[in-house]
Structure formats: C-alpha cells, structure tokens
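Start at 1 with the first residue, then count along the sequence.
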Amino acid sequence: MILKEKERTVIQDLQTQEKSCIEKYGKYAQQARDPELKSLFQTLQKKEQEHYDSLSQVLSGTVPQVNCNDSDGRDYQPKAAYTSVMSTEDKEHDAFLATDCIGTEKLISGEYNSEVFAFEDSGVRKLLADIQVEEQNHAEMLYKYKTVNGMF
C-alpha cells in the first residue's frame, strides 16, 4: 500500500497525538497516588503505544488487522480508593489527572473521527475507526474510575 502525501501527513499527525498520550500516561502513572489509577494509566499507556505502533506499520506500507475491541470500557470495574464524602488532597490530585485524561481522550477520538475519511484504503479506515473506539473505551474507563471514587 502506498499512501498519498496528505494521508501520510494525517498518520504522522495522529502519531504525534499518540506519542503525547504515551508520555502523559507515563508521567501521570508516576504522579497518581491511588495504585488503581496508577495501574489504569500504565494500561492506557500500553494501549496508546499499540496505536502508535499500528500507525507506524501504516507508514511502512502495512495495515495491521483490527479486532474492534469495544469491551475494555464496558468490562472495566475499578476498585474504589476514595469515598464520595472524602475530600483529601490525594483525591483531588487524582481527580484532576483522570479528568485531564478524559478531555485528552475526547479530543483524540474526535481527531480519528474527522480523519477517517481522508483515506482511500478501506483497511486504513477500519484501523482508524477501531482506534477511535478504543480511545472512547479509555475515556469510559477513566469515567468509571472517577464515578466509583465519588469524584464528581
């Protein structure tokens, strides 16, 4: 598969976004005070690395197979570290990190939604649609973490 210049630029821009997420989740995993949130950030960092690697494959001319994993968000059941009545510095700190990441996931999901039809190859469109679903799953997992910990 040979990408057009515009398609190559879009993939490179999406990679920039994924790299930013990889770095953010790595830093936030170090900063999180709740071990559950730390683990979630580490999981999401690995998922974002997979997205980055898939986009690298596209740049090299290969479209990876996708599985349209839409169950991660649905199946995630975080353990509560904080209660809804608790108001601690740790809880507020972790709530900020989770909220920031939800916003990031929303933005990136929107980018995939906007860019999916810039591609002629249906395999690439399918890959980008799959990644978009996974980005939505990430936001759902973060939302569930906030919900179980009374962070609203």
Run the salt-bridge test on Lys146 and Asp94 with the 4.0 Å N-O cut-off and return the result as yes or no. no
Does the distance from a Lys or Arg side-chain N to an Asp or Glu carboxylate O, for Lys4 and Glu120, drop under 4.0 Å?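 The answer is yes: the pair qualifies as a salt bridge.
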Same cluster or not: are [X] and [Y] linked, directly or through other Ile, Leu, Val, Met, Phe, Trp or Tyr residues, by side-chain heavy atoms under 4.5 angstrom apart?
| X | Y | answer |
| --- | --- | --- |
| Tyr82 | Tyr76 | yes |
| Val10 | Val66 | yes |
| Leu59 | Ile22 | no |
| Leu107 | Ile11 | no |
| Leu3 | Val63 | yes |

Would a distance-only check, ignoring hydrogens and angles, find a side-chain to backbone donor-acceptor pair under 3.5 Å from Gln45 to Tyr25?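 No, because the side chain of Gln45 does not come within donor-acceptor range (under 3.5 Å) of the backbone of Tyr25.
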Check whether any side-chain N or O of Ser71 sits under 3.5 Å from a backbone N or O of Arg74 as a donor-acceptor pair, and report yes or no. no
Only pairs at least two apart or in different chains count here, so list each salt bridge (Lys or Arg N to Asp or Glu O under 4.0 Å) that has a residue in residues 25-38. Arg33-Glu89, Arg33-Asp90
Please report the closest heavy-atom contact between [X] and [Y], naming both atoms and the distance.
| X | Y | value |
| --- | --- | --- |
| Ala81 | Asn149 | N-OD1, 2.7 Å |
| Gly73 | Met141 | CA-CG, 3.8 Å |
| Pro64 | Gln57 | CB-OE1, 3.3 Å |
| Ala139 | Ile102 | O-CG1, 4.0 Å |
| Thr88 | Lys91 | OG1-N, 3.0 Å |

Any heavy-atom pair between the side chains of [Y] and [X] that's under 4.5 Å?
| X | Y | value |
| --- | --- | --- |
| Lys79 | Val148 | no |
| Leu128 | Leu14 | yes |
| Leu40 | Pro78 | no |

N/O donor to acceptor pairs below 3.5 angstrom from side-chain atoms of residues 108-119, sequence neighbours left out:
residue, atom, partner, partner atom, Å
Ser109, OG, Gln136, NE2, 3.4
Tyr112, OH, Glu18, OE2, 2.6
Ser114, OG, Gly110, O, 3.1

Distance check, rounded to the nearest 0.5 Å: [X] atom [atom1] versus [Y] atom [atom2]?
| X | Y | atom1 | atom2 | value |
| --- | --- | --- | --- | --- |
| Ser20 | Gln15 | OG | CD | 13.0 Å |
| Glu135 | Asn137 | CD | CG | 9.5 Å |
| Leu142 | Thr99 | CG | OG1 | 9.0 Å |
| Ser39 | Leu44 | OG | CG | 9.0 Å |
| Thr16 | Leu55 | OG1 | CG | 10.0 Å |
| Lys24 | Leu97 | NZ | CG | 9.5 Å |

When the ring centroid of Tyr28 is compared with that of Phe96, is the distance short of 6.0 Å? no
Between the side chains of His51 and Gln17, does any donor sit under 3.5 Å from an acceptor? no
Say whether Gln31 and His93, considering side chains only, have a donor N or O and an acceptor N or O under 3.5 Å apart.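 Distance-only check fails for Gln31 and His93.
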Salt bridge (charged side-chain N to carboxylate O under 4.0 Å, His left out) with Asp72: which of Lys47, Lys144, Lys46?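 Result for salt bridge (charged side-chain N to carboxylate O under 4.0 Å, His left out) with Asp72: Lys47.
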His138/Thr104 under side chain to side chain contact (heavy atoms under 4.5 Å, CB included): CA gap, chis, key distance, verdict: CA-CA 10 Å; His138 300 170; Thr104 299; over 6 Å; no
If you apply the rule ring pair (Phe, Tyr, Trp, His ring centres under 6.0 Å), what do you find for Phe41 with Tyr145, and how did you get there? CA-CA 11 Å; Phe41 285 152; Tyr145 172 84; 7.9 Å; no
For Val58 and Thr62, run side chain to side chain contact (heavy atoms under 4.5 Å, CB included): C-alpha distance rounded to whole Å, both residues' side-chain angles, the deciding distance at 0.1 Å, then the answer. CA-CA 5 Å; Val58 171; Thr62 306; over 6 Å; no
